[in-house]
J.: 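Pasting a structure below so you can have a look.
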Protein chains: 2
Amino acid sequence: MDLQEAETGERRPETLGEEVFGRILELIYSTELAPGMVVNESVLATRFGVSRGPVREAIRRLQGIQLVSREPFLRARVVSLSAQAILELFQMREALEGYACRLAAQRMSEAEIDALIADLEAAHSGQPPPEAARFDFHERVVRASGNNRIIDSLCGDLYHLLRIYRRISGAVPERKELAFTEHWQILRAIKMRDGALAESLMRSHVERAGRHVLAQVPETPSPAATDAEKRAS
Amino acid sequence: MDLQEAETGERRPETLGEEVFGRILELIYSTELAPGMVVNESVLATRFGVSRGPVREAIRRLQGIQLVSREPFLRARVVSLSAQAILELFQMREALEGYACRLAAQRMSEAEIDALIADLEAAHSGQPPPEAARFDFHERVVRASGNNRIIDSLCGDLYHLLRIYRRISGAVPERKELAFTEHWQILRAIKMRDGALAESLMRSHVERAGRHVLAQVPETPSPAATDAEKRAS
DNA sequence: TCCTTCAAAACTGTTGACACATTTTCAACC
DNA sequence: GGTTGAAAATGTGTCAACAGTTTTGAAGGA
């Protein structure tokens with residue numbers, strides 16, 4: 001289980017801090033570290049076979065992207081988003097993805113647009129892709145905006161938070177069909193170079209998605225906070 | 001110069017990491033650590049009379065909010081924004097502050113709006129306030145949006161970056177007059193509860209401010225990068 | 001003179017130990 | 001039986017030393 005030995009293939013020297021960061025992220029995604037649970041430095045350090053330094057660094061980085069909350073001498077915990085916080089998260093997505101969509105309508109080349117349309121339809125009609133190269137419409141549009149700051153914010157920090165709560169709303173067939181239609185309309189607006197329309201459509205789409213997630217998570221202020229203590233020991 | 005001794009007044013236990021973070025921030029604001037200059041862990045540690053641990057933590061936090069750039073084993077440097085990066089920064093502000101403005105138009109009470117109008121006019125007609133309680137129109141509007149995630153992003157991370165480059169465009173009388181007019185128009189739209197108009201006006205206003213900053217910083221890919229080495233030694 | 005090579009210097013990454021704060025335990029006391 | 005308060009236990013904050021990597025700069029060759 002040692003980290004050093006796991007690094008067999010030669011690649012450019014990655015620090016332990018980076019590695020541990022990714023490992024903890026996986027623990028959070030897999031709900032082994034569920035929202036509300038405590039993130040213990042020593043426990044993780046011994047588990048990964050490293051000292052507390054790199055673990056501490058990784059946790060601080062997770063704090064930076066708001067995945068764990070913490071105050072000076074208190075224990076760190078995986079964030080447990082309230083309904084209010086989820087609403088705010090999707091509002092921020094509305095603002096940023098809407099604007100990114102407007103930029104994309106201005107900057108994408110005809111070829112890029114056509115390629116994106118083709119990929120969208122292929123992903124919809126074809127069988128589910130091999131997960132490795134999954135088609136992510138939102139990420140594609142955001143990256144097409146060309147604004148690296150917005151790209152980093154949406155595909156970095158916010159994406160991690162969304163991913164925790166995406167599992168909830170995933171795999172609902174009817175929603176999937178509706179999403180395809182909305183995605184297709186957005187691309188149509190981009191192809192027409194109507195930035196304002198594209199932005200408006202994207203906002204509506206994100207807002208709808210947000211409402212859907214909120215409906216699935218009606219009232220769970222800190223679901224795993226209590227029994228988390230048990231499992232941590 | 002020791003940090004422990006400087007902390008004479010009793011307050012709740014703040015960690016050295018927090019303290020050092022603030023100190024380095026001040027060094028960056030005062031241009032003692034100018035864009036492009038190296039941020040050396042050991043040097044700062046001895047300067048502040050602490051070990052490298054807290055300094056390292058503070059630097060990592062500065063990396064998190066994108067004020068210093070760094071790769072694994074390379075030296076950390078204060079970011080030196082390119083024209084492209086400044087453009088992207090203001091675009092993100094457009095998206096976020098515009099949306100915040102729309103939210104503010106929906107959520108502010110009549111009393112809050114009137115108070116904000118009064119403060120705006122007082123700050124404009126009256127003599128420059130005592131700096132401590134400076135009137136910041138943008139921050140007031142953003143906080144009025146009620147979206148904590150957007151508030152943290154704009155008043156936290158982005159604000160630090162803007163502040164470094166705000167010095168450049170500050171104290172230009174004609175710009176100041178124009179800004180007041182634009183601020184006043186935005187508030188008028190908010191009072192009319194016209195969120196779409198308020199958002200549109202705020203976007204134009206931010207974009208104009210961005211162009212103004214860009215005009216002052218035409219071509220300086222890394223101005224202090226070269227002579228920074230000298231001063232660092 | 002310029003480029004290459006290679007060792008010393010400087011710096012960052014990592015570690016284990018120690019100091020301090022918080023939480024929990026548990027016994028004395030109302 | 002419930003409450004209070006001190007001490008143990010747990011966990012975070014800080015430090016100094018060591019290890020690995022990058023940079024520096026001087027010697028050697030074309």
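In the text below, chain A, chain B and the rest are named by the order of the sequence lines, each starting its count at 1.
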J.: Hey, does the side chain of Arg56(B) come within less than 4.0 Å of dT12(C)'s phosphate (OP1/OP2), counting only N and O?
T.: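 It does not, given that no N or O in the side chain of Arg56(B) lies less than 4.0 Å from OP1 or OP2 of dT12(C).
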J.: Please pick, from dT22(C), dT14(C), dG13(D), the nucleotide with the shortest atom-to-atom distance to any side-chain atom of Leu16(A).
T.: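 Among the listed nucleotides, the one closest to the side chain of Leu16(A) is dT14(C).
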J.: Do the numbers put Arg140(A) on top of the ring of Phe135(A), so that NZ or CZ is under 6.0 Å from the six-membered ring centre and no more than 45° off the axis?
T.: no
J.: Salt-bridged, Arg211(A) to Glu207(A), with N to O below 4.0 Å?
T.: yes
J.: Over all strands shown, is Gly53(A) touching base, sugar-phosphate only, or nothing at heavy-atom distances under 4.0 angstrom?
T.: base
J.: Between dT12(D), dT14(D), dT23(D), which nucleotide gets closest to the side-chain atoms of Pro54(B)?
T.: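 Side chain of Pro54(B) sits closest to dT14(D).
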J.: Compare the minimum distances between each of dT12(D), dG13(D), dT12(C) and the side chain of Arg60(A), then state the nucleotide with the smallest one.
T.: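 Of the candidates, dG13(D) comes closest.
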J.: Quick one: do Arg149(B) and Glu88(A) make a salt bridge, cutoff under 4.0 Å?
T.: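 Salt bridge flag = no for Glu88(A) with Arg149(B).
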J.: Can you figure out which of dT12(D), dT23(D), dG13(C) approaches the side chain of Glu41(A) most closely?
T.: dT12(D)
J.: What is the distance, to the nearest angstrom, from the CG atom on Leu74(A) to the C1' atom on dT24(C)?
T.: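 Distance check: Leu74(A) CG to dT24(C) C1' gives 14 Å.
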J.: Would you mind telling me which of dT22(D), dT12(D), dT15(C) lies closest to the side-chain atoms of Arg75(A)?
T.: dT12(D)
J.: Remember a base hit wins even if backbone is also touched, and classify Val55(B) as base, sugar-phosphate or nothing at under 4.0 Å, heavy atoms.
T.: nothing
J.: Using the ring of each side chain (for Trp, its six-membered ring), is His160(B) parallel, tilted or perpendicular to Phe21(B), with breaks at 30° and 60°?
T.: perpendicular
J.: So does Arg52(A) reach the base of dG11(D) with its side chain, donor to acceptor, closer than 3.5 Å?
T.: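 It does not, because no donor-acceptor pair links the side chain of Arg52(A) to the base of dG11(D) below 3.5 Å.
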J.: In whole angstrom, what separates Glu71(B)'s CD from dT23(D)'s C1'?
T.: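 Between C1' of dT23(D) and CD of Glu71(B): 16 Å.
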J.: Can you identify which nucleotide, out of dT21(D), dC11(C), dT12(D), has its nearest atom closest to the Phe73(B) side chain?
T.: dT21(D)
J.: Whole angstrom is fine here: how far is it from CG in Leu62(B) over to P in dT12(C)?
T.: 14 Å
J.: Take the protein atom CZ of Arg70(A) and the nucleotide atom C1' of dA21(C), then report the distance between them rounded to whole Å.
T.: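 That distance rounds to 13 Å.
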J.: Roughly, in whole Å, what's the span from CZ in Arg77(B) to P in dC11(C)?
T.: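 It works out to 12 Å between those atoms.
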J.: Kindly point out which of dT12(D), dA16(D), dG16(C) is positioned nearest to the side chain of Ser51(A)?
T.: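 When the side chain of Ser51(A) is considered, dG16(C) is the closest of dT12(D), dA16(D), dG16(C).
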J.: Which word best sums up how the rings of His183(B) and His205(B) line up, parallel for under 30°, tilted for 30 to 60°, or perpendicular for over 60°?
T.: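 Perpendicular.
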J.: Mind calculating the distance between CD (Glu18(A)) and P (dT12(C)) to the nearest angstrom?
T.: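 For the pair Glu18(A) CD and dT12(C) P, the rounded distance is 16 Å.
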J.: Taking CD1 from Ile59(B) and C1' from dG13(C), how many angstroms apart are they, rounded to a whole number?
T.: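 From Ile59(B) CD1 to dG13(C) C1': 13 Å.
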J.: When the distance from CD of Glu57(B) to P of dT14(C) is rounded to whole Å, what number comes out?
T.: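 Between P of dT14(C) and CD of Glu57(B): 15 Å.
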